[in-house]
**Student:** 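Before we start, here is the structure in question, set down as structure tokens.
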Amino acid sequence: MNVLIVESNPGLGLLWKRHLKRQGAEVTLVASQEAAILALYRDPYEIIVLDLVLDEGSALAVADFASYRRPEARVIFVTNTTFFSDGSVFAHSPNACAFLQSEMPPEDLAAMVEHYAAGR
């Protein structure tokens with residue numbers, strides 16, 4: 001299973017990456033919209049873990065590009081804000097499959113990634 005993590009907080013991104021690698025995933029970790037788009041050009045991904053609030057760039061632009069370039073990739077949005085807490089992110093991103101708080105235990109994120117990748 002190939003996973004792309006787009007997370008501006010390097011500590012959080014590395015924590016998620018370690019948990020996913022323990023489950024056997026191939027994981028690419030990037031911190032910006034530009035790096036995410038370059039990764040999507042290079043490699044196919046089954047799952048994209050995407051923070052809604054990036055320090056550099058737009059998460060919705062990444063999700064939009066992924067729906068065009070890698071339509072098979074599912075997006076798990078994560079956030080530490082109440083932005084889109086009404087679930088409207090699903091209306092903006094057709095490849096969205098989950099919306100989670102970034103403070104969740106990393107094993108919960110790993111379980112969600114495994115669940116949505118298994119459906120492919």
Side-chain angles (χ1 to χ4, degrees):
M1 142 178 67
N2 271 349
V3 180
L4 174 64
I5 299 174
V6 187
E7 173 56 55
S8 299
N9 177 335
L12 188 56
L14 285 172
L15 177 67
W16 292 343
K17 181 178 180 175
R18 282 194 307 267
H19 272 77
L20 291 169
K21 285 184 76 86
R22 274 188 228 133
Q23 287 191 321
E26 292 293 324
V27 182
T28 302
L29 173 61
V30 299
S32 68
Q33 173 187 333
E34 181 180 357
I37 288 175
L38 289 173
L40 288 164
Y41 267 119
R42 261 190 331 265
D43 300 309
Y45 295 96
E46 295 165 271
I47 301 289
I48 302 167
V49 178
L50 180 57
D51 193 331
L52 266 171
V53 182
L54 297 174
D55 289 346
E56 295 179 33
S58 164
L60 290 177
V62 172
D64 215 26
F65 182 78
S67 70
Y68 161 75
R69 179 72 179 175
R70 304 289 181 194
E72 70 285 353
R74 311 281 308 269
V75 178
I76 297 175
F77 284 101
V78 294
T79 188
N80 62 356
T81 69
T82 57
F83 198 62
F84 286 120
S85 62
D86 62 352
S88 61
V89 73
F90 295 99
H92 295 287
S93 181
N95 49 354
C97 63
F99 181 77
L100 307 168
Q101 289 296 309
S102 54
E103 307 89 41
M104 78 192 127
E107 52 273 3
D108 289 356
L109 176 63
M112 293 292 283
V113 167
E114 186 174 20
H115 169 75
Y116 284 109
R120 293 284 157 177

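Note that these values count all heavy atoms, side chains included, but never hydrogens, waters or copies made by symmetry.
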**Student:** I'd like to know if Val75 and Leu38 are part of one continuous hydrophobic network [Ile/Leu/Val/Met/Phe/Trp/Tyr, side-chain heavy atoms within less than 4.5 Å].
**Tutor:**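 As far as the 4.5 Å side-chain criterion goes, Val75 and Leu38 are not connected within one cluster.
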
**Student:** Between Leu109 and His19, is any pair of side-chain heavy atoms under 4.5 Å apart?
**Tutor:**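 No, their side chains stay 4.5 Å or more apart.
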
**Student:** I want to check something: taking the side chain as every heavy atom from C-beta on, are Glu56 and Ser8 in contact at a cut-off of under 4.5 Å?
**Tutor:**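 No, too far: nothing below the 4.5 Å cut-off.
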
**Student:** Of all the heavy-atom pairs spanning Asp51 and Val53, show the shortest one and how long it is.
**Tutor:**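 Here Asp51 and Val53 meet closest at OD1-N, 3.0 Å.
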
**Student:** Is a side-chain donor or acceptor of Asn80 paired with a backbone partner of Ser102 at a separation under 3.5 angstrom?
**Tutor:**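 Answer holds: no.
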
**Student:** Kindly compute the distance separating NZ (Lys17) from CG (Leu29), expressed to the nearest 0.5 Å.
**Tutor:**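 So the NZ of Lys17 and the CG of Leu29 are separated by 6.0 Å.
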
**Student:** How long is the gap from CD on Glu7 to CG on Leu54, to the nearest 0.5 Å?
**Tutor:**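 Going from the CD atom of Glu7 to the CG atom of Leu54 covers 7.5 Å.
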
**Student:** Enter the distance from Ile47:CD1 to Glu114:CD here, rounded to the nearest 0.5 Å.
**Tutor:**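 Between Ile47 CD1 and Glu114 CD, I get 10.5 Å after rounding to 0.5 Å.
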
**Student:** Show the nearest heavy-atom pair for residues Ala35 and Val30, with the distance to one decimal.
**Tutor:**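 Residues Ala35 and Val30, closest heavy atoms: CB-CB, 3.6 Å.
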
**Student:** What's the shortest heavy-atom distance between Ala98 and Met112, and which atoms?
**Tutor:**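 What the structure gives for the nearest pair is CB-CE, 3.7 Å.
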
**Student:** Can you measure from CZ (Arg42) to CZ (Arg69) and round to the nearest 0.5 angstrom?
**Tutor:**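 Here the interatomic distance stands at 11.5 Å.
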
**Student:** Mind checking the CD-CG spacing from Gln33 to Asp55? Nearest 0.5 Å is all I need.
**Tutor:**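 One gets 13.0 Å once the value is rounded to the nearest 0.5 Å.
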
**Student:** What are the two closest non-hydrogen atoms of Ala36 and Val6, and how far apart are they?
**Tutor:**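 Closest approach of Ala36 to Val6: CB-CG2, 3.7 Å.
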
**Student:** Any idea which heavy atoms bring Leu4 and Ala39 closest together, and the distance?
**Tutor:**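 Here Leu4 and Ala39 meet closest at CD1-CB, 4.0 Å.
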
**Student:** Does CD belonging to Glu34 count more than 12 external heavy atoms closer than 6.0 Å?
**Tutor:**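 Open.
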
**Student:** When Ile5 is tested against each of Leu14, Val78, Val27 for side chain to side chain contact (heavy atoms under 4.5 Å, CB included), which residue passes?
**Tutor:**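 That would be Val27.
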
**Student:** Is there a donor-acceptor pair closer than 3.5 Å between any side-chain N or O of Tyr116 and the backbone N or O of Ile76?
**Tutor:**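 No, Tyr116 side chain to Ile76 backbone: no donor-acceptor pair under 3.5 Å.
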
**Student:** With heavy-atom distances below 4.5 Å as the criterion, would you say the side chains of Leu40 and Ile48 are in contact?
**Tutor:**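 Side-chain contact under 4.5 Å: yes.
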
**Student:** With a 4.5 Å limit on heavy-atom distance, are the side chains of Trp16 and Val3 in contact?
**Tutor:**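 SC-SC contact between Trp16 and Val3 ruled out.
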
**Student:** What distance do Leu20 atom CG and Met1 atom CE have between them, rounded to the nearest 0.5 Å?
**Tutor:**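 The CE atom of Met1 is 6.5 Å from CG of Leu20, to the nearest 0.5 Å.
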
**Student:** Would you indicate whether the side-chain heavy atoms of Gln101 and Thr79 approach each other to under 4.5 Å?
**Tutor:**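 Yes. Closest side-chain heavy atoms under 4.5 Å.
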
**Student:** Return the minimal non-hydrogen interatomic distance between Gln23 and Ala110, and the atom names on each side.
**Tutor:**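 Nearest pair, atom of Gln23 first, then Ala110: OE1-O, 3.1 Å.
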
